[in-house]
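These notes are about the structure you will find just below.
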Number of protein chains: 2
Amino acid sequence: MSGTEEHELVEKWRTLLTSYNGIACDLDRELQDQHGLGLSEFEALDRLIESGQDKLRMHELAADMYLSQSAFSRTVARLERAGLVGRAMCMDDRRALFVSPTDAGRARHAEARDTHRKVLAHHLD
Amino acid sequence: MSGTEEHELVEKWRTLLTSYNGIACDLDRELQDQHGLGLSEFEALDRLIESGQDKLRMHELAADMYLSQSAFSRTVARLERAGLVGRAMCMDDRRALFVSPTDAGRARHAEARDTHRKVLAHHLD
DNA sequence: GTGCATCAAATGCACAAGCATTAAATGTCC
DNA sequence: GGACATTTAATGCTTGTGCATTTGATGCAC
């Protein structure tokens, strides 16, 4: 690998690093301040609701998220504690859990969604 | 904003989110396991050494980093504790501190650099 | 059925991050 | 020169994260 190629690679990475951190930081702050949701909480709720399903297994919901299994588990626990999702046992496989949004969860998501999109639009124009 | 535009925006963001987290996670793990450096530590050391200067003010080094001021301060503190950088008072402005790489710091950086570039090349091909 | 690997989710733990505050030095305006 | 705002860096505190482990349930080989 040439020095130039290497440098381009690093530039690319630093751009990613900086842009990600800027957006994530902003998003997290806005969502937290205006709706009491952390970024991961919003992402989980967003994916859950936009799946169209009224319930998903933890495992399924976790699948396309970026979090470790433990972080995800705690994220859903926080959402549950806040009354935004419910968890129910799965009778087919008693290891699994179903997660589903509550009415409050849908409402909160609808509000937060605007903030989310606005911040994204601002950064990714 | 139309629904399609919105969806594209979200797609773009999720791509960024996923790709950033994958790379950052990998980088951090490799750097930590093979060289005992966290990602932020490496980034700080890398920027310090590649600046070409033999010393930089905290403030200057922090300038193009993605960390909060407090996180950056602690990152440099860890580097110092590990003997990879030194801190010296700045006589012009006694609030400021100079940071400079030690020999050990340069050596560690030279090793870790390969790992860093390799992981980047693997993800950003 | 028994033993053993595998899978789902939760938890103990250590640690890095951000926010708010603090401490000291410098700058500014009168 | 004195009072007050500003800047530089560090620190107390809380919280989210990953890793490793744990607890239970399922599947499979025999």
Side-chain angles (χ1 to χ4, degrees), chain A residues 17-18 20-33 36-45 48 55-63 65-82 85-100, chain B residues 17-18 20-33 36-45 48 55-63 65-82 85-100:
Chain A
L17 193 56
T18 303
Y20 167 81
N21 276 287
I23 303 176
C25 221
D26 241 44
L27 262 182
D28 197 58
R29 202 150 13 79
E30 294 291 307
L31 288 171
Q32 191 69 61
D33 290 355
L37 285 174
L39 176 56
S40 300
E41 277 139 56
F42 177 83
E43 286 289 335
L45 192 57
L48 175 58
K55 61 182 181 179
L56 281 180
R57 295 178 184 202
M58 288 284 280
H59 191 237
E60 294 173 308
L61 186 52
M65 281 205 46
Y66 53 94
L67 288 175
S68 70
Q69 183 265 324
S70 70
F72 177 74
S73 172
R74 288 183 226 260
T75 300
V76 176
R78 286 193 297 275
L79 284 171
E80 185 182 39
R81 220 175 308 135
V85 305
R87 285 192 281 195
M89 284 185 42
C90 169
M91 290 311 173
D92 296 1
D93 183 345
R94 296 178 51 203
R95 291 170 300 184
L97 278 184
F98 280 125
V99 194
S100 45
Chain B
L17 192 56
T18 303
Y20 167 82
N21 275 287
I23 303 177
C25 221
D26 241 43
L27 261 182
D28 198 58
R29 202 149 15 78
E30 295 289 309
L31 288 171
Q32 191 68 61
D33 289 355
L37 285 174
L39 176 55
S40 299
E41 278 139 55
F42 177 81
E43 286 289 335
L45 192 57
L48 175 58
K55 61 183 181 180
L56 281 179
R57 294 177 185 203
M58 288 283 283
H59 191 237
E60 294 172 308
L61 186 51
M65 281 204 48
Y66 52 93
L67 288 175
S68 70
Q69 183 268 323
S70 71
F72 177 73
S73 171
R74 287 183 226 260
T75 300
V76 176
R78 286 194 297 276
L79 284 172
E80 185 182 40
R81 221 175 307 133
V85 304
R87 284 193 280 195
M89 283 184 43
C90 168
M91 290 313 173
D92 296 2
D93 183 344
R94 295 179 53 202
R95 291 170 300 185
L97 279 184
F98 280 125
V99 194
S100 45

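Note that the structure is a prediction, hence the values are computed from the model and not measured. Every chain is numbered from 1 and lettered A, B, ... according to where its sequence line falls, protein lines coming before strand lines.
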Grab the two heavy atoms, one from [X] and one from [Y], that are nearest each other, plus how far apart they are.
X     : Y     : value
A:L37 : A:L79 : CD2-CD2, 4.2 Å
B:V76 : B:R87 : CG1-CD, 3.9 Å
B:F72 : B:M58 : CE2-O, 3.4 Å
B:N21 : A:Y20 : ND2-OH, 3.8 Å

How many angstroms lie between [atom1] in [X] and [atom2] in [Y], if you round to the nearest 0.5 Å?
X     : Y     : atom1 : atom2 : result
A:L48 : A:K55 : CG    : NZ    : 12.5 Å
B:L97 : B:L56 : CG    : CG    : 12.5 Å
A:L67 : A:Q69 : CG    : CD    : 10.5 Å
A:L61 : A:H59 : CG    : NE2   : 11.0 Å

Item checked: Nucleic acid contacts - residues 86-97 of chain B versus DNA chain D, non-hydrogen atoms under 4.0 Å -> B:R87, B:R95, B:A96, B:L97
Notebook entry, point to check: When the nearest nucleotide of DNA chain C is assigned to A:R57 and to B:Q69 on a heavy-atom basis, which residue is associated with the more 5' position?
Noted result: A:R57
Notebook entry, point to check: What is the 5' to 3' range of DNA chain C, first to last nucleotide, that sits under 4.0 Å from any heavy atom of chain B?
Noted result: C:dA16 to C:dT26
Notebook entry, point to check: Hey, where does DNA chain C pair up into stems, meaning at least three consecutive Watson-Crick or G-U pairs with distances under 3.5 Å?
Noted result: C:1-30 with D:1-30
Checklist line | Check against side chain to side chain contact (heavy atoms under 4.5 Å, CB included), B:R57 and B:F98 | finding: CA-CA 4 Å; B:R57 294 177 185 203; B:F98 280 125; 3.8 Å; yes
Margin query: What residues from residues 70-81 of chain A pass a heavy-atom cutoff of under 4.0 Å to DNA chain C?
Written below: A:S70, A:S73, A:R74
Margin query: With salt bridge (charged side-chain N to carboxylate O under 4.0 Å, His left out) as the rule and sequence neighbours excluded, what pairs involving residues 67-79 of chain B come up?
Written below: B:E41-B:R78
Next item on the list: Let me know which of B:I23, B:L27, B:T75 forms a side chain to side chain contact (heavy atoms under 4.5 Å, CB included) with B:L39.
Entry: B:L27
Checklist line | For chain B, the stretch of DNA chain D it reaches, first to last nucleotide, under 4.0 Å of its heavy atoms | finding: D:dT7 to D:dC19
